[in-house]
Protein chains: 4
Amino acid sequence: MPRPSNKAIRRQEIIRGLMSVMATTGYENASIQAIAKAAGLAPGLIHYHFKNKKEILIELVNLVIRTMEERFLARCKDASSPAQKIDAFVEAALALGDDADEELVAAWVMIASEAMRHEDIQKLYENVIKQNTLLLASLLQEYTQGSKSEMKKIAVMCIASIEGLYQLSQTTKDILPSGFAADTLKNLVFSSLTP
Amino acid sequence: MPRPSNKAIRRQEIIRGLMSVMATTGYENASIQAIAKAAGLAPGLIHYHFKNKKEILIELVNLVIRTMEERFLARCKDASSPAQKIDAFVEAALALGDDADEELVAAWVMIASEAMRHEDIQKLYENVIKQNTLLLASLLQEYTQGSKSEMKKIAVMCIASIEGLYQLSQTTKDILPSGFAADTLKNLVFSSLTP
Amino acid sequence: MPRPSNKAIRRQEIIRGLMSVMATTGYENASIQAIAKAAGLAPGLIHYHFKNKKEILIELVNLVIRTMEERFLARCKDASSPAQKIDAFVEAALALGDDADEELVAAWVMIASEAMRHEDIQKLYENVIKQNTLLLASLLQEYTQGSKSEMKKIAVMCIASIEGLYQLSQTTKDILPSGFAADTLKNLVFSSLTP
Amino acid sequence: MPRPSNKAIRRQEIIRGLMSVMATTGYENASIQAIAKAAGLAPGLIHYHFKNKKEILIELVNLVIRTMEERFLARCKDASSPAQKIDAFVEAALALGDDADEELVAAWVMIASEAMRHEDIQKLYENVIKQNTLLLASLLQEYTQGSKSEMKKIAVMCIASIEGLYQLSQTTKDILPSGFAADTLKNLVFSSLTP
DNA sequence: TATGAATGAGTATTCATTCAT
DNA sequence: CATGAATGAATACTCATTCAT
């Protein structure tokens, strides 16, 4: 009887290893050795489970994306009106708290910058941005019967703010009034819609 | 009789070499060889003019910052009212056009991500963000006699939007409605102020 | 199933590689390539086993020091009187014979000169010199009930002679009457003690 | 009227530049740039006055040797008896005082270690050692009518002590009782002669 | 003579990837 | 599956030497 496969588990460990290393050093400086150490595994094992370093990155991107989606869905459960859903969207993106979130955001910012260098990462990143934009735009439209193109613009700007806030949270922490982000962004958005 | 010094010129060439390489590959992947090639110089010459790679990066950051400031000041010349100045601020940041701007923004996004890895870059980056935030906040306050802390929040959000838009412009170009950024951001800001 | 560790063996090989290269070229000129070649290993492997070149040097210094101590202890086994111990000390230091000794001395002379450039090597070197001096001084005192400070002076001079002879043996071989060193030094020391 | 040649002066400056750099860093680490800086000259000028780095070293060796000889001759002026001359020899070698001496000794120790690596330096070094040995041996013989070969042995040992003391003075300063060297060595030598 | 820019080869070090066990 | 040793290419940086001015 062969021992049960643990590929899936090992792959998760490795992906999380990359996430934690990347959060502080970026992708280029995340050596296989360091990833292995962070994952508590032997270096040689990495390439048994992944073809190469890039593949781990891609899986990490997918993991982060999935996690973010889940955050939104969880908050959406109790939302019925469009306004509540918009609220849920922004809260899911910006009302971050624990250490896991912290690392997730750090990794995400690193991923965003890797999107500039790797076409495949760029595609994944673009997809999320595109989807989120469309989602938010349709929520906005539902909420206020404004023009579609106008709602799209506001949605893009909103997404940009979120990405920019992630960035600033990693580089200029002490400039951000603590916990201000979600509320301020919602204010901005809603006030631009009501007239 | 002695050969005339050309240090300043060479240093500029090298800095621009780094900028152009970084714009597409990031800092870690900007090899000295590549920088030299982009600058049209022999590799060995780089370290004759700069102590190390980091020093080139720092000078590049300073150059980009200076250039951005000049853009704002140029647009501010004709602005008298606070509203016009806010307008100038946003336009200077977002109404970008030619290839030089393109490269500048690309380099800036890369710099922002380097700020996460190098403390000295982080300091420079933080300083600009801080200064811009304060500047914008005081303009907003001048314009609407709202509370200082409220204006600060809006200013931060605005700066975040700008940084986020830079990011998106590099990673998800075709999602941005062309030329929409400045106007949409101004709308958002002003509509949040008037009530 | 895992490959058995051979770190200790490889490290020894590398250290001996450095010793043999240093013996002829000195530390600065002992390139990693040359060390690897002397050890029969791939260059990249050196840095798998050692953090950097300096670390190899430090281990080499420790090895040489240990070897020298063992030489003395081996000769001391049969020594009971102080005079015999002094004899053993000088013999251990100077009655050198085979090729291994030759290389050891060559490496030691190189190490001594590196002590001028690297603080950590200087400390190791100083420690041995200091310990040997104290050891010899106490032997001398045991032998002749002379003043402590006087014995210390003779001990230092004796150690200096030994180091100087090492030096000359590497640089001006054909000036040294073969095999004269130990006897002559003992004569000098004992004749200065008897009055 | 052509400007008067200053080759000799420049060469001296460069040689002293090397001496001062070597005293602290050794020959391999004495870069042409550093030598030029120490000499207060432009880097390019070095190779105008010297074919290559080695040539400067050779001239430095000659300079140091000459300086040492002069020290001995100066002290010999008032010496008439063999004992006084032996005294002068040892004093000239070991009764060092000012900063210039300090640098000279440091450079000399570095030179001695370079003798292991460069055949031409080895020759120069060997010559001095040989000559000094013969000189001292003949003085010893004049003083005590002992056998020539015996006197040679003592002379070699004496020279070795001196070289060893130079070495220790650079590497383990605080172990040497201050100012003890000359007297102790003279005691050792004379007591070994009188039986 | 003098200056300092330029070149190119050389060096330590890192690291993704492979492979023997 | 797992381990950790091994490889070789890539990279930042140094430096003697040359050369244009």
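Lettering of chains follows the sequences in order, A, B, ..., and the numbering in each one begins at 1. Heavy atoms only: backbone and side chains are in, while hydrogens, waters and symmetry mates are out.
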Please report the distance, rounded to the nearest Å, between [atom1] in [X] and [atom2] in [N].
X	N	atom1	atom2	result
B:I35	F:dC13	CD1	C1'	13 Å
C:I46	E:dC15	CD1	P	18 Å
C:L45	E:dT14	CG	P	14 Å
A:N29	E:dT13	CG	C1'	14 Å
A:K37	E:dC15	NZ	P	13 Å
C:K53	E:dG10	NZ	P	16 Å
A:L18	E:dA16	CG	P	11 Å
C:N52	F:dC13	CG	C1'	16 Å

Check: Between A:K7 and C:K7, who's closer to the 5' end of DNA chain F by nearest nucleotide?
Finding: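 Looking at the nearest nucleotide for each, A:K7 comes out on the 5' side.
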Notebook entry, point to check: Sub-3.5 Å donor-acceptor pair from the side chain of D:Y27 to the main-chain atoms of D:K54, do we have one?
Noted result: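 At least one qualifying donor-acceptor pair exists.
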Item checked: Spacing of C:E28 atom CD and C:S113 atom OG [to the nearest 0.5 Å] ->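 Rounded to the nearest 0.5 Å, the CD-OG separation comes to 9.0 Å.
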Margin query: With rounding to the nearest 0.5 angstrom, report the CD to NE2 distance, B:E13 to B:H49.
Written below: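 One gets 8.5 Å once the value is rounded to the nearest 0.5 Å.
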Look at [X] and [N] and indicate whether a side-chain polar atom (N or O) is within less than 4.0 Å of OP1 or OP2.
X	N	answer
B:S5	E:dA5	yes
D:N6	E:dA2	yes
C:R10	F:dG4	no
C:H47	E:dT13	yes
B:Y48	E:dA5	yes

Check: In Watson-Crick or G-U wobble terms, both distances under 3.5 Å, what is the partner of F:dG8?
Finding: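 Its partner is E:dC15.
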Next item on the list: Scan every strand shown for a Watson-Crick or G-U wobble partner of E:dT21, both distances under 3.5 Å, and answer none if you come up empty.
Entry: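 The answer is F:dA2, by the H-bond criterion.
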Next item on the list: Select base, sugar-phosphate, or nothing to describe what C:A30 touches, counting heavy atoms under 4.0 Å on all strands.
Entry: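 Counting heavy atoms under 4.0 Å across all strands, the contact made by C:A30 is with sugar-phosphate only.
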Check: What does B:I32 touch in the nucleic acid at a heavy-atom separation under 4.0 angstrom: a base, only the sugar-phosphate, or nothing?
Finding: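 Sugar-phosphate only.
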Notebook entry, point to check: Relative to the 5' end of DNA chain E, which residue comes earlier, B:A42 or C:S31, by the nucleotide with the nearest heavy atom?
Noted result: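 Taking each residue's closest nucleotide, the earlier one in sequence belongs to B:A42.
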Note to self: Within the 4.5 Å heavy-atom criterion, are C:W108 and C:I65 side-chain neighbours or not?
What the structure shows: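 Heavy-atom side-chain distance check passes, below 4.5 Å.
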Check: Under a 4.0 Å N-O cut-off, is there an ion pair linking A:R16 with A:E103?
Finding: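 Looking at A:R16 and A:E103, the cut-off is not met.
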